[in-house]
Undergrad: 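Quick one: the structure is below, questions incoming.
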Amino acid sequence: MEDHIKPLVDAYNDAAEMQAVGMVNDPAIGQVARELQMLQMPTPRPAKGEVTVRIAASSMHIDEIYAAQGTALGRFYGPKNVSKANPARIGSCATGTIVGLGEGAENFKIGDDVIIIPSEYPQAGSWATYQCFDEKWIMHKPDQLSHVEAAAAVMAACVSWGAIGFAKVNAGDNCVVVGASGAIGVMVLQYLKSLNCRVTAVCSGASEEFVRSHGADQVVDYTKDDFGEVFSAGSDPVDAVFDCVGGRDIETSAFRCLKNTGTFVTVVGPRQYIGEEKLSWPAVLKVMSHIGWRMLVTRLTTGPKYSFGAKFPRLVVGDAVEQLLEHNIRMPVPATIPFEIDAIRDAVQKLVTHREKGRTVICFVSD
């Protein structure tokens with residue numbers, strides 16, 4: 001064991017309790033930040049096949065807030081029976097150092113720096129000193145990435161690379177990214193440029209410099225122009241449109257300018273910022289019906305294809321990280337904040353405004 005790891009392991013073994021951010025009351029929609037508390041909880045010990053990770057950095061995602069208030073995808077994944085005895089913890093994407101091994105855990109060793117692979121199941125708790133994971137949900141952190149860089153990028157890298165896989169883009173393709181200044185959009189933009197695509201970023205005029213600095217060849221200011229009209233009026237039809245915002249108006253614009261062989265990929269769906277409110281079951285079914293119908297119809301007819309969602313992170317994370325490293329793709333990090341409740345509450349309040357460019361990261365240790 002390396003000299004700098006032993007104090008971390010000793011501290012973990014001696015710790016009866018740890019700190020974790022969570023809630024002891026069900027939050028009203030839009031009021032998660034107000035309910036967040038710094039909790040004292042028993043230090044977790046790894047079960048069979050698990051490892052304990054001392055968290056070094058954890059990024060903040062709007063979907064984590066939606067899940068905490070029970071509005072993910074409109075009404076899913078809400079915490080159950082929240083109380084002081086059963087607090088709901090927050091956080092999903094993180095990096096850290098292994099300080100404990102459960103029985104049968106043999107793919108990693110004490111002292112390994114790891115990335116937590118985003119799970120397709122609601123996985124919460126990484127805004128904490130320690131967390132235990134099954135070995136299948138972690139991977140070695142590349143030395144080329146700091147803990148902050150890795151924590152910031154991993155979820156968006158998986159979503160972006162998976163979406164690009166659906167579109168089957170080729171070098172030289174003409175692509176449009178709607179919402180290119182957001183955390184997912186800016187990663188899609190960079191991945192497309194790494195594949196030698198021509199990319200148009202759709203965002204506000206205030207974000208033009210930002211998206212151009214990350215590779216955009218052209219910018220359409222959505223407050224002034226409809227990108228569908230811009231391209232349908234020209235002679236350069238589009239191979240793929242990536243929607244990172246949501247809404248039927250974006251879908252309509254996309255199908256106006258796509259080639260017959262083109263693809264529309266949305267990671268949100270026909271309702272903008274789904275998760276802002278709790279939808280009724282009829283409203284949820286309406287959203288799902290639209291998605292299913294559009295995917296079916298566009299595959300049975302000639303013309304552009306409609307695709308929704310992203311691939312399971314565990315299926316794409318290896319290739320996504322490899323491409324990220326090879327082409328120096330990075331998630332912008334507008335701020336790193338300490339593991340302190342006031343800083344975390346303030347950051348959550350900023351997060352829900354949808355104004356941040358990139359990911360804010362909670363930094364637990366010096367990186």
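Everything quoted here is computed from the prediction, not taken from an experiment.
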Undergrad: Calculate, to the nearest 0.5 Å, the distance between atoms CD and CG belonging to Q323 and N328 respectively.
TA: 12.0 Å
Undergrad: Say you draw a straight line from CD1 of I184 to CG of D243; how long is it, rounded to the nearest 0.5 Å?
TA: 12.0 Å
Undergrad: Taking the six-membered ring of F166 as reference, does the cationic atom of K311 (NZ for Lys, CZ for Arg) lie under 6.0 Å from its centre and within 45° of its axis?
TA: yes
Undergrad: Could you please spell out the steps behind the side-chain hydrogen bond (donor to acceptor under 3.5 Å, both in side chains) verdict for S213 and E209?
TA: CA-CA 6 Å; S213 71; E209 182 178 350; over 6 Å; no
Undergrad: Of all the heavy-atom pairs spanning V32 and M23, show the shortest one and how long it is.
TA: CG1-SD, 4.2 Å
Undergrad: Could you measure the distance from the OG atom of S181 to the NE2 atom of H354? Nearest 0.5 Å is fine.
TA: 12.5 Å
Undergrad: Taking the side chain as every heavy atom from C-beta outward, state whether C244 and T266 have any atom pair closer than 4.5 Å.
TA: no
Undergrad: Quick one: does any side-chain atom of D226 pair with a main-chain N or O of G228 as donor and acceptor, under 3.5 Å?
TA: yes
Undergrad: Looking at E229, is its backbone amide N or carbonyl O close enough to the side chain of S232 to form a donor-acceptor pair, meaning the two atoms are under 3.5 Å apart?
TA: yes
Undergrad: Does F227 form a ring pair (Phe, Tyr, Trp, His ring centres under 6.0 Å) with Y222? I'd like the steps, not just the answer.
TA: CA-CA 7 Å; F227 74 90; Y222 75 88; over 10 Å; no
Undergrad: Flag the pair F264 / P304 as yes when at least one side-chain heavy-atom distance between them is below 4.5 Å, and no otherwise.
TA: no
Undergrad: Specify the closest pair of heavy atoms between L145 and R330, including all atoms of both residues, with the distance to one decimal.
TA: CD2-CZ, 3.4 Å
Undergrad: Membership question, hydrophobic clusters at under 4.5 Å side-chain separation (ILVMFWY): are V352 and I90 in the same one?
TA: yes
Undergrad: At their closest point, which heavy atom of T71 faces which heavy atom of G275, and how far apart are they?
TA: OG1-O, 2.6 Å
Undergrad: Any chain of hydrophobic side-chain contacts (each under 4.5 Å) joining V321 to L195?
TA: yes
Undergrad: S83: which residues meet the side-chain contact (heavy atoms from CB on, under 4.5 Å) condition with it, sequence neighbours left out?
TA: A85, N86
Undergrad: Kindly state each residue pair satisfying side chain to side chain donor-acceptor pair (under 3.5 Å) with at least one member in residues 343-352, sequence neighbours excluded.
TA: none
Undergrad: Side chain to side chain contact (heavy atoms under 4.5 Å, CB included) between V361 and I337: does it pass, once the steps are laid out?
TA: CA-CA 6 Å; V361 177; I337 61 172; over 6 Å; no
Undergrad: Judged by atom type as modelled, is there a donor-acceptor pair below 3.5 Å linking the side chain of S59 to the main-chain atoms of A151?
TA: yes
Undergrad: Between E50 and A47, is there a donor-acceptor pair closer than 3.5 Å when you use the side chain of the first and the backbone of the second?
TA: yes
Undergrad: Got a sec: does the CZ of R212 have more than 12 other heavy atoms crowding it under 6.0 Å?
TA: yes
Undergrad: Assess the side chains of S194 and H327: does a donor N or O sit below 3.5 Å from an acceptor N or O?
TA: no
Undergrad: For the side-chain contact (heavy atoms from CB on, under 4.5 Å) test, which of V51, L8, L101, T97 pairs with I110?
TA: L101
Undergrad: Is there a donor-acceptor pair closer than 3.5 Å between any side-chain N or O of S58 and the backbone N or O of C93?
TA: yes
Undergrad: Test of understanding: clusters of I, L, V, M, F, W, Y form through side-chain heavy atoms closer than 4.5 Å, transitively. Do M41 and F339 belong to the same one?
TA: no
Undergrad: Do the side chains of S146 and K141 get nearer than 4.5 Å, heavy atoms only?
TA: no
Undergrad: Determine, stepwise, if the pair F210 / V186 fulfils side chain to side chain contact (heavy atoms under 4.5 Å, CB included).
TA: CA-CA 9 Å; F210 174 78; V186 75; 3.9 Å; yes
Undergrad: I want to check something: taking the side chain as every heavy atom from C-beta on, are V268 and Q272 in contact at a cut-off of under 4.5 Å?
TA: no
Undergrad: If you count heavy atoms of other groups shown closer than 6.0 angstrom to CE of M288, is the number above 12?
TA: no
Undergrad: Give the cluster check for V82 versus I344: same hydrophobic cluster or not, with ILVMFWY residues linked at side-chain heavy-atom distances below 4.5 Å.
TA: no
Undergrad: Within a strict 4.5 Å, meaning less than it, do heavy atoms of the P118 and V154 side chains meet?
TA: yes
Undergrad: Do other residues, nucleotides or ligands put more than 12 heavy atoms under 6.0 Å from the CD atom of Q40?
TA: yes
Undergrad: To the nearest 0.5 Å, how far apart are CZ in F242 and CD1 in I250?
TA: 14.5 Å
Undergrad: Grab the two heavy atoms, one from F133 and one from I138, that are nearest each other, plus how far apart they are.
TA: CB-CG2, 3.9 Å
Undergrad: Starting from the C-alpha separation in whole Å, work towards a yes-or-no answer on side chain to side chain contact (heavy atoms under 4.5 Å, CB included) for Y306 and L296.
TA: CA-CA 8 Å; Y306 179 109; L296 176 63; over 6 Å; no
Undergrad: For atom CZ of R299, is the number of surrounding heavy atoms from other residues, nucleotides or ligands below 6.0 Å larger than 12?
TA: yes
Undergrad: Before you tell me yes or no, could you show the steps for R294 and E251 under salt bridge (Lys or Arg N to Asp or Glu O under 4.0 Å), namely the whole-Å CA-CA distance, both residues' side-chain angles and the distance that decides it to 0.1 Å?
TA: CA-CA 10 Å; R294 294 295 288 147; E251 179 186 333; 2.6 Å; yes
Undergrad: Working to the nearest 0.5 angstrom, can you tell me the gap between L325 CG and Q144 CD?
TA: 5.0 Å
Undergrad: What heavy-atom pair brings H147 and T95 nearest, and what distance separates the two atoms?
TA: ND1-OG1, 2.9 Å
Undergrad: Is it true that a side-chain atom of Q37 and a backbone atom of V24 form a donor plus acceptor pair closer than 3.5 Å?
TA: no
Undergrad: Is there a side-chain contact between I116 and S126 in this structure, where contact means two heavy atoms from C-beta onward sitting under 4.5 Å apart?
TA: no
Undergrad: Indicate yes or no for a side-chain donor-acceptor contact from K305 to the backbone of G303 under 3.5 Å, with no hydrogens or angles considered.
TA: yes
Undergrad: Just do the side chain to side chain contact (heavy atoms under 4.5 Å, CB included) check on R271 and E277 with the steps written out, would you?
TA: CA-CA 11 Å; R271 194 179 185 103; E277 57 183 324; 2.9 Å; yes
Undergrad: When rounded to the nearest 0.5 angstrom, what distance separates CD1 in I164 from CE in M187?
TA: 9.5 Å
Undergrad: Before you tell me yes or no, could you show the steps for K193 and D217 under salt bridge (Lys or Arg N to Asp or Glu O under 4.0 Å), namely the whole-Å CA-CA distance, both residues' side-chain angles and the distance that decides it to 0.1 Å?
TA: CA-CA 9 Å; K193 291 304 298 179; D217 300 290; 2.9 Å; yes
Undergrad: According to the ring pair (Phe, Tyr, Trp, His ring centres under 6.0 Å) rule, which pairs have a member within residues 85-116, sequence neighbours left out?
TA: F108-H140
Undergrad: Without hydrogens or angle criteria, can the side chains of T43 and Y12 be said to hold a donor-acceptor pair below 3.5 Å?
TA: no
Undergrad: Under 3.5 Å, is there a donor-acceptor pair between the S204 and T223 side chains?
TA: no
Undergrad: Do L351 and T360 come close enough that some side-chain heavy atom pair is under 4.5 Å?
TA: no
Undergrad: At their closest point, which heavy atom of K357 faces which heavy atom of P334, and how far apart are they?
TA: O-CD, 3.6 Å
Undergrad: Should T129 and Q19 be marked as a side-chain hydrogen bond (donor to acceptor under 3.5 Å, both in side chains) after you check the CA-CA gap, both sets of side-chain angles, and the distance that decides it?
TA: CA-CA 6 Å; T129 312; Q19 290 186 311; 5.1 Å; no
Undergrad: Linking I/L/V/M/F/W/Y whenever their side-chain heavy atoms sit closer than 4.5 Å, directly or via other members, would L39 and W127 fall into one cluster?
TA: no
Undergrad: Are I98 and T52 packed together at the side-chain level, in the sense that at least one heavy-atom pair is separated by less than 4.5 angstrom?
TA: no
